Engineer: 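The structure under discussion is supplied below as structure tokens; questions concerning it will follow.
Note that the structure is a prediction, hence the values are computed from the model and not measured. All chains are named by letter (A, B, ...) in the order of the sequence lines, taking the proteins before the strands, and each is independently numbered beginning at 1.
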Amino acid sequence: MKKGLLVGVLALGAAMMFGGCGKEYANGEVVVYNWGEYINEDVIEMFEEEYDIEVIYDEFTENEDMYPIINIGEVNYDVVCPSDYMINRMINEGLLAELNYDNIPNIKNIDPTYLKSAEEFDPGNKYAVPYCWGTVGILYNKTMVDEPITSWSAIFDEKYTGEILMIDSVRDGMGIALKYLGYSMNTAEESQLEEAKELLIAQRPFVQGYFVDEVRNKMIGEEAALGVIYSGEAIYTQRENADLEYVVPEEGSNVWIDGWVIPKNAKNKENAEKWINFMCREDIALMNFEEITYSTPNAAARELIEDADIKNSTIAFPDAVTLERCETFKYLGETEEVYLEKWNEMKATQN
Amino acid sequence: MNKREGRLAKQNKLRQLLLSSPYVLWSIGFIILPLVMVVYYGLTSRDGGGFTLENLKLIWEPTHRATLILSVQLSVISTILCLLIAYPLALALRSLRLKSNGFVILLFMLPMWMNFLLRTIAWQNILEKNGVINMLLSAVGLPKLNIINTPTAIVLGMVYDFLPFMIIPIYNVLSKIGDDVIQAAADLGANYFQILWRVILPLSKPGIVSGLTMVFVPSLTTFVISDILGGGNILLIGKVIEQKFKMANDWNAGCGLSLVLMVFIFICMAIVQKYDKDSEGTSVW
């Protein structure tokens, strides 16, 4: 009863949003759960028309918001788009259904490099199809620094006191410190984590603040010289402020992949696979890329990009050498709490 | 006669039950039940679910203790600032003796009609390095202020957001103190400060107490203001609890810390109330 009501409300919302009020769909529905502002909305309508399937579209802001909802299973989502380490966790906890690739022929469009990267968290590519990907790096204002930035050392440099925007995310923040120290971003070694914490404590006096989404606007508004940011945001900031430059530091960084997965309790698995297949189609992937500017793993779509600057942008499509230095996050189980603990110890230090 | 009274009483009881039932249902569903769940999670262990006090003891971890102390410091400072601003203002408003005090109340309520998040984000833009205040300062050749992302900015945000909760109860109480009481005190030779200290202040205590509560509690538990104006620099206990739920996915620890915080608030309030009652005994009445 409760479930029916909730889905009903969602359906009503979707119906009002896309003006499909009262329309009958011959092939049922598909309930999609994606990140906010992470799709070109025209694509949803195109899917509805082509497949005669009603799309009930819902959004989340963080992996951690999405996880309990899928875990409790109160609402039956058919297709969800979590990040790498979360997919890893959901596989381990048996929350996902294996994909039937017979229904996803467009997988051929996905660059094998990314499928290989995805194997780090989804061995055999059994559960997830890459949707978007990117790196974490430094966005800097060329007029406010006196040398080209190439290393994480810049954000640990006293010289830039008050000019550094650090990322306010436990795994990313700790990961950067670990990478700078030459360790893995997925380490479980207590001593390495402790070292990373000490480094971050030493960095604290130089940092203007810890942010996630605000970095974009603050860098455009020249509030700081250096900021840690996701690559997908970097292209947008450069359009707004030509002095900004993005770099993946030489010590390496995090490369993340968000992928489509199907929860075990999905009611419309075949429709979900049709959705995933549709998302992999080159023209659709291109439409999405142009709207959200996050890198697409779709090789066929990249070929279709007309703007040569973007097609060959090292921000959107870093070269293989850069990527080789990067790691994806893995779900670390109990160790995740040690990361959080160290991060909070750093945050609670007044120096 | 007796029979009739009995029937009336019965009717009264029924009416009470009917009238209160919407709220009773509401409070069972949305106050008591969640509270029971918080207590249950807070007192059970994460694996297995046996009874434990471990979640409460978490507050003694240095990180958590430090964030609690900092939260208390900041919320006490902002509560006192609110009181210092609100009380004289309420006094001034009272002496204005406005015919329609609705207008005055409206002035304080008006900003509250806008979303609280929006107003806090506005403060961020005002205080920023290249924000409104610093633009004005540098326009007249003064050095820039560095307020954003410091505890000062958080206190400022708290005072701004919660000030109406202090003004309104104090103003309500003050406006109900009759002029005759004050005139009587003046007749008996009290000067203005004696009237203020020995008559008005004791009489307005209920307003002060409810103002203190309404400012202190949200200040102590906020994590939004510290996020927006503190730039992630200042970790408060509210944020730690949020992280326990969302990041660590450890509801038991989150509930345990919430319980400690609740007990802490109860104790603070009990002290204020007790002081209030004590002083009533020694007042002129």
Side-chain angles (χ1 to χ4, degrees), chain A residues 60-68 71 86 89 93 161-171 173 197 203-215 217-225 227-228 331 333-351, chain B residues 46-47 58-59 61-71 73-74 120-121 124-125 127-132 134-135 144-151 153-154 223 226-254 257:
Chain A
F60 60 87
T61 17
E62 277 183 74
N63 282 305
E64 284 70 22
D65 294 334
M66 173 276 308
Y67 170 77
N71 190 17
M86 190 52 82
R89 175 179 188 177
E93 295 178 7
T161 300
E163 295 291 344
I164 299 164
L165 306 177
M166 186 62 183
I167 196 158
D168 194 12
S169 150
V170 179
R171 284 299 297 270
K197 182 191 95 184
Q203 181 205 24
R204 258 185 77 97
F206 316 147
V207 170
Q208 188 187 112
Y210 297 80
F211 305 96
V212 182
D213 298 329
E214 294 94 332
V215 174
N217 288 332
K218 282 186 189 287
M219 289 303 293
I220 294 171
E222 312 204 331
E223 283 283 317
V228 178
Y331 176 62
E334 303 259 298
T335 313
E336 299 251 330
E337 281 170 49
V338 183
Y339 275 72
L340 177 61
E341 229 171 76
K342 300 275 179 213
W343 181 258
N344 276 350
E345 279 169 24
M346 180 277 289
K347 282 289 194 78
T349 309
Q350 303 291 332
N351 55 358
Chain B
R46 195 176 175 190
D47 37 87
L58 279 177
I59 200 70
E61 275 180 24
T63 316
H64 298 149
R65 212 168 45 200
T67 56
L68 179 65
I69 291 170
L70 186 64
S71 303
Q73 279 171 349
L74 293 184
T120 313
I121 290 172
Q124 191 182 27
N125 292 329
L127 298 176
E128 253 170 2
K129 232 174 80 183
N130 297 325
V132 178
N134 280 332
M135 294 290 239
K144 288 187 174 186
L145 282 177
N146 202 354
I147 299 178
I148 192 74
N149 307 335
T150 64
I154 296 181
F223 57 87
S226 59
D227 257 7
I228 296 174
L229 296 177
N233 267 323
I234 292 117
L235 187 65
L236 298 183
I237 187 75
K239 180 79 184 172
V240 172
I241 294 174
E242 190 216 3
Q243 285 175 332
K244 288 283 179 216
F245 280 95
K246 281 178 64 180
M247 301 220 21
N249 208 28
D250 189 349
W251 288 28
N252 304 80
L257 290 176

Engineer: Counting N and O atoms only, with roles assigned by atom type, does the side chain of A:E223 sit under 3.5 Å from a partner on the main chain of A:K218, one being a donor and the other an acceptor?
Structural biologist: no

Engineer: Non-hydrogen atoms of chain B under 4.5 Å away: do they reach the side chain of A:N63, the backbone, both or neither?
Structural biologist: neither

Engineer: With a 4.5 angstrom heavy-atom cut-off, is it the side chain or the backbone of B:N146 that approaches chain A, or both, or neither?
Structural biologist: neither

Engineer: Is there a donor-acceptor pair under 3.5 Å between the side chain of A:K347 and the backbone N or O of B:G232?
Structural biologist: yes

Engineer: With a 3.5 Å cut-off and no angle check, do the side chains of B:K144 and B:N130 form a donor-acceptor pair?
Structural biologist: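 Looking only at side-chain atoms, B:N130 and B:K144 do form a donor-acceptor pair, the distance falling under 3.5 Å.
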
Engineer: With chain B, which of A:Q208, A:M166, A:E341 has the greatest number of heavy-atom pairs at distances under 4.5 Å?
Structural biologist: A:Q208

Engineer: A:E336 versus chain B, heavy atoms under 4.5 Å apart: side chain, backbone, both or neither?
Structural biologist: neither

Engineer: Does B:N149 reach the main-chain N or O of B:N233 with its side chain, forming a donor-acceptor pair under 3.5 Å?
Structural biologist: no

Engineer: Locate the shortest heavy-atom distance separating A:A224 from A:L165; write the atom from each residue and the value.
Structural biologist: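 Minimum heavy-atom separation between A:A224 and A:L165: CB-CG, 3.6 Å.
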
Engineer: Are any side-chain N or O atoms of B:T63 and backbone N or O atoms of A:A348, one a donor and one an acceptor, separated by less than 3.5 Å?
Structural biologist: no

Engineer: Chain A heavy atoms under 4.5 Å from B:L70: which part of the residue, side chain, backbone, both or neither?
Structural biologist: side chain

Engineer: Counting only non-hydrogen atoms closer than 4.5 Å, does A:Y339 touch chain B with its backbone (N, CA, C, O), its side chain (CB onward), both, or neither?
Structural biologist: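 Answer is neither: A:Y339 stays 4.5 Å or more from chain B.
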
Engineer: Can you tell me which portion of B:R46 sits under 4.5 Å from chain A's heavy atoms? Options are side chain, backbone, both or neither.
Structural biologist: side chain

Engineer: With only heavy atoms counted, which part of A:N344 is less than 4.5 Å from chain B, the side chain, the backbone, both or neither?
Structural biologist: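 Contact with chain B is through both the backbone and side chain of A:N344.
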
Engineer: As an exercise: rank A:G162, A:G221, A:P68, A:G209 by heavy-atom pairs under 4.5 Å with chain B and give me the winner.
Structural biologist: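 The option with the most such pairs is A:G209.
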
Engineer: Would you say A:W343 and A:D168 make side-chain contact, with heavy atoms under 4.5 Å?
Structural biologist: yes

